[in-house]
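Each ligand, and each atom within it, is numbered from 1 in the order the structure gives.
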Amino acid sequence: MRIDIVSVFPEYFHNLDLSLLGKAQEHGLLQVQAHDLRDWTHDIHHSVDDTPVGGGAGMVMQPEVWAECLDELLGMDDAAEPTKAEQASAPVLILPNPSAPLFTQRDATELSHAEHLIFGCGRYEGYDARLPEYYRDQHIDVREYSIGDYVLNGGEVAVCVMLEAITRLLPGFMGNPNSIVEESYTGAQSLLEHRQYTKPALWRGHEAPPVLLSGDHAKVDRFRRDDALTRTSEIRPDLIEALNCAELDKADRKTLMSLGWEVSGTHPKPLADAHMKQRA
Ligand code: 6GU
């Protein structure tokens with residue numbers, strides 16, 4: 001996978017040379033290149049922003065500087081019609097934006113199959129709204145994503161978050177691919193992961209659940225599944241409501257009922273008179 005990142009702080013992405021991402025680059029699994037947006041400016045001040053049309057606080061990133069950079073990275077200077085192979089490996093343009101739909105595990109999985117990703121990091125009050133519009137008109141797959149309901153100073157951290165979520169799904173990235181299968185937010189039936197314990201079994205007076213030491217794999221699996229259901233019911237009831245009841249086994253239903261859920265319909269629903277432990 002090839003990854004280009006454009007930012008006015010390209011040094012920000014030195015962190016990608018560390019840890020598993022750094023290893024993956026060394027092994028040729030991915031090639032990451034961070035570019036300085038100011039390299040595409042023409043004026044002496046290397047300016048990338050201007051005041052908002054219509055007035056208001058802050059500065060907006062100019063579309064033309066971005067477009068000259070993105071045209072080059074997208075290979076759009078090339079007048080020739082794209083070949084079939086080029087179309088199949090067409091880059092996906094990802095623009096972090098706090099006012100966009102949330103980035104989820106589903107997006108990470110989908111993007112992990114792309115051959116080439118280009119991330120453009122906005123700063124200030126963001127980029128000119130015509131930028132994503134223009135590239136969609138050029139038949140580029142443009143995605144705008146937010147990583148959560150809070151405001152960051154720029155898209156750089158958001159890009160690091162998305163990149164980590166995407167690249168760890170590349171075949172050969174993780175030492176043990178099973179660790180991906182079991183974790184939270186994978187598959188249609190998303191639950192928070194069960195809690196984990198290591199040795200010693202008794203630590204500062206706190207015991208790890210004895211069933212985990214029983215050696216009975218079926219019991220361990222059931223305990224973990226119930227722990228996942230219980231934690232999800234408490235912390236993320238929205239994920240329980242999205243479950244498909246037809247895919248729950250008998251023990252799942254029993255556990256959910258004991259947690260105050262009705263499981264006779266298509267999706268679980270809170271029992272009308274149940275004292276649900278909702279988030280404050
Ligand atoms: Cl993608 N950008 C910024 N600036 N703030 C954010 C965000 C993105 N996602 C959440 N907050």
- ligand 1 to P96, heavy atom cutoff 4.0 Å, flagged ligand atoms 1 (Cl)
- Query: Stepwise, does the side-chain hydrogen bond (donor to acceptor under 3.5 Å, both in side chains) test hold for T104 with D107?
  - Reply: CA-CA 5 Å; T104 66; D107 299 304; 3.1 Å; yes
- Message: With heavy-atom distances below 4.0 Å as the criterion, list the atoms of ligand 1 near G154.
- Response: 3 (C), 4 (N)
- Message: With heavy-atom distances below 4.5 Å as the criterion, would you say the side chains of R224 and Q196 are in contact?
- Response: yes
- Within one Ile-Leu-Val-Met-Phe-Trp-Tyr cluster: I140 and L131, side-chain cutoff 4.5 Å: yes
- Give a yes or no answer on whether the side chain of R231 reaches the backbone of L191 with a donor-acceptor pair at less than 3.5 Å. no
- Heavy atom under 4.0 Å from ligand 1: found in D149's side chain, backbone, both, or neither? neither
- Task: Report yes if some N/O of N97 lies less than 3.5 Å from some N/O of ligand 1; otherwise report no.
- Result: no
- For ligand 1, which atoms, with element, lie under 4.0 Å from some heavy atom of Y145? 1 (Cl)
- Note on the structure: Closest heavy-atom pair, G58 versus P52, reported as atoms and distance to 0.1 Å, is O-CD, 3.2 Å
- Looking at side-chain heavy atoms only, is the closest gap between M76 and Y135 below 4.5 Å? yes
- Name of the residue among N97, D49, V60 meeting side chain to side chain contact (heavy atoms under 4.5 Å, CB included) with Y127: N97
- Run the contact test for F103 against ligand 1 with a 4.0 Å cut-off on heavy atoms, strictly below, and give the result. no
- Item | For atom 11 (N) of ligand 1, the protein heavy atom that lies nearest, with its residue and separation | Y150 O, 2.5 Å
- Item | Per-residue contact class, A158 against ligand 1 - non-hydrogen pairs under 4.0 Å | side chain
- Query: When you measure from the side chain of H267 to the backbone N and O of L243, does any donor-acceptor pair fall under 3.5 Å?
  - Reply: yes
- Task: For atom 8 (C) of ligand 1, find the nearest protein heavy atom and state the residue, atom name and distance (0.1 Å precision).
- Result: P98 N, 3.7 Å
- Looking only at non-hydrogen atoms, the one of L102, L152, V161 nearest atom 4 (N) of ligand 1 is L152
- Message: Can you confirm, on distance only, whether ligand 1 has an N/O atom lying under 3.5 Å from any N/O atom belonging to S146?
- Response: yes
- Neighbour count >12 (heavy atoms, 6.0 Å) for atom CD, Q25: yes
- Using distance alone, decide if ligand 1 has a nitrogen or oxygen within less than 3.5 Å of any nitrogen or oxygen in M162. no
- Are any of the N/O atoms in I147 less than 3.5 Å from those in ligand 1? yes
